[in-house]
Amino acid sequence: SATVNRIHSDTHAQLLNSTLDNDAADVTVRAQDQRTIDSLAGGVEIGGSVGVGAAVAYNDIGGTTSALVAGNALDLDVRNLVVAADAAAGKGNRIRTVAAGVGGGSAVGAAGSVAVNRMNGLVSAKIQDGADIVAQDNVAVTAAQSQRIDVLAGAVAAGGTAGVGVGSVVNLVDGTTEAGILGAGT
């Protein structure tokens with residue numbers, strides 16, 4: 001059997017070219033996302049003389065979570081400003097998968113399983129492009145990302161003459177997390 005799961009999504013929060021003059025205001029621009037895949041692939045084959053079982057699982061999570069305050073026409077005079085991008089809340093980005101193959105035969109049993117898991121994400125929080133901000137108390141620009149993979153791949157094979165079982169796992173994890181105030185005019 002085979003299972004293929006893919007989640008690619010983008011979550012954005014923005015405050016662009018706006019004006020607010022209220023030094024009692026607390027302003028928050030927050031983007032938050034959580035992506036989760038749970039998968040199971042299994043193959044069982046019991047044959048008269050030969051049995052071959054196979055399982056393949058492919059899982060892919062990616063996307064962008066961004067919070068942005070920007071624009072040369074943006075003018076804020078507030079008490080507090082929070083710009084936050086969060087892909088770590090709850091369980092963050094997570095893949096949980098099981099791939100198992102079972103094969104059996106009176107002469108030969110063969111089984112195999114493969115699990116490939118890929119995670120790639122961008123989490124970004126920025127103030128930029130000439131934004132004019134005056135905060136009476138605090139300005140916070142934060143970005144957080146969590147990526148987790150839980151995987152089990154295995155194979156069981158039995159035969160009167162031979163039994164061969166192979167399991168393989170490949171995990172590819174990549175991502176960028178950035179927070180900043182950018183530009184000389186900001």
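If you're wondering where the values come from, they're calculated on a predicted model, not measured in any experiment.
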Please report the interatomic distance [atom1]([X]) to [atom2]([Y]), rounded to the nearest 0.5 Å.
X: Arg30; Y: Asp86; atom1: CZ; atom2: CG; result: 7.0 Å
X: Ile149; Y: Asn59; atom1: CD1; atom2: CG; result: 8.5 Å
X: Asn117; Y: Leu172; atom1: CG; atom2: CG; result: 8.5 Å
X: Ile133; Y: Thr186; atom1: CD1; atom2: OG1; result: 8.0 Å
X: Asp60; Y: Ile37; atom1: CG; atom2: CD1; result: 7.0 Å
X: Leu81; Y: Asp137; atom1: CG; atom2: CG; result: 12.0 Å

Does Asn120 have any side-chain hydrogen bond (donor to acceptor under 3.5 Å, both in side chains) partners at least two apart in sequence or in another chain, and if so, which?
none
Taking only residues two or more places apart in sequence or in another chain, which ones pass side-chain hydrogen bond (donor to acceptor under 3.5 Å, both in side chains) with Glu178?
Ser124, Lys126
Looking only at heavy atoms, which two atoms of [X] and [Y] are closest? And how far apart?
X: Ala100; Y: Ala55; value: O-CB, 3.2 Å
X: Gly43; Y: Ser1; value: N-OG, 4.1 Å
X: Val69; Y: Ala131; value: O-CB, 4.4 Å
X: Ala31; Y: Ser66; value: CB-O, 3.1 Å
X: Ala99; Y: Ala57; value: CB-CB, 4.3 Å
X: Ser9; Y: Asp33; value: OG-OD2, 3.4 Å

Check whether any side-chain heavy atom of [X] sits under 4.5 Å from a side-chain heavy atom of [Y], and report yes or no.
X: Ile95; Y: Met119; answer: yes
X: Val83; Y: Val139; answer: no
X: Arg6; Y: Tyr58; answer: no
X: Asp150; Y: Arg148; answer: yes
X: Asn93; Y: Gln145; answer: yes
X: Gln147; Y: Thr177; answer: no
X: Asn17; Y: Asn72; answer: yes

Test item: side-chain donor near acceptor, Thr3 and Asn5, under 3.5 Å:
yes
Check the side chains of Gln136 and Asp77 for a donor-acceptor pair under 3.5 angstrom, ignoring hydrogens and angles.
yes
[Y] reachable from [X] in the ILVMFWY side-chain graph, under 4.5 Å edges:
X: Val166; Y: Val102; value: no
X: Val164; Y: Val44; value: no
X: Ile127; Y: Val82; value: no
X: Val156; Y: Val169; value: no
X: Val170; Y: Val4; value: yes

Under 4.5 Å side-chain linkage, directly or through intermediates, the cluster mates of Val52:
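Direct or chained contacts put Val52 with Val50, Val108.
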Before accepting this row, confirm whether a basic side-chain N of the pair Asp38/Arg96 lies closer than 4.0 Å to the acidic partner's carboxylate O.
yes
For side chain to side chain contact (heavy atoms under 4.5 Å, CB included), just list the numbers for Gln32 and Thr11, CA-CA rounded to whole Å, side-chain angles, deciding distance to a tenth of an Å, and then say yes or no.
CA-CA 7 Å; Gln32 187 171 333; Thr11 303; over 6 Å; no
Side-chain donor or acceptor of Ser49 paired with backbone N/O of Ser106 under 3.5 Å
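Such a contact is absent between Ser49 side chain and Ser106 backbone.
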Is it true that a side-chain atom of Asn80 and a backbone atom of Asn138 form a donor plus acceptor pair closer than 3.5 Å?
yes
Counting heavy atoms not belonging to Arg94, are there more than 12 under 6.0 Å from its CZ?
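Buried by this count: over 12 neighbours within 6.0 Å.
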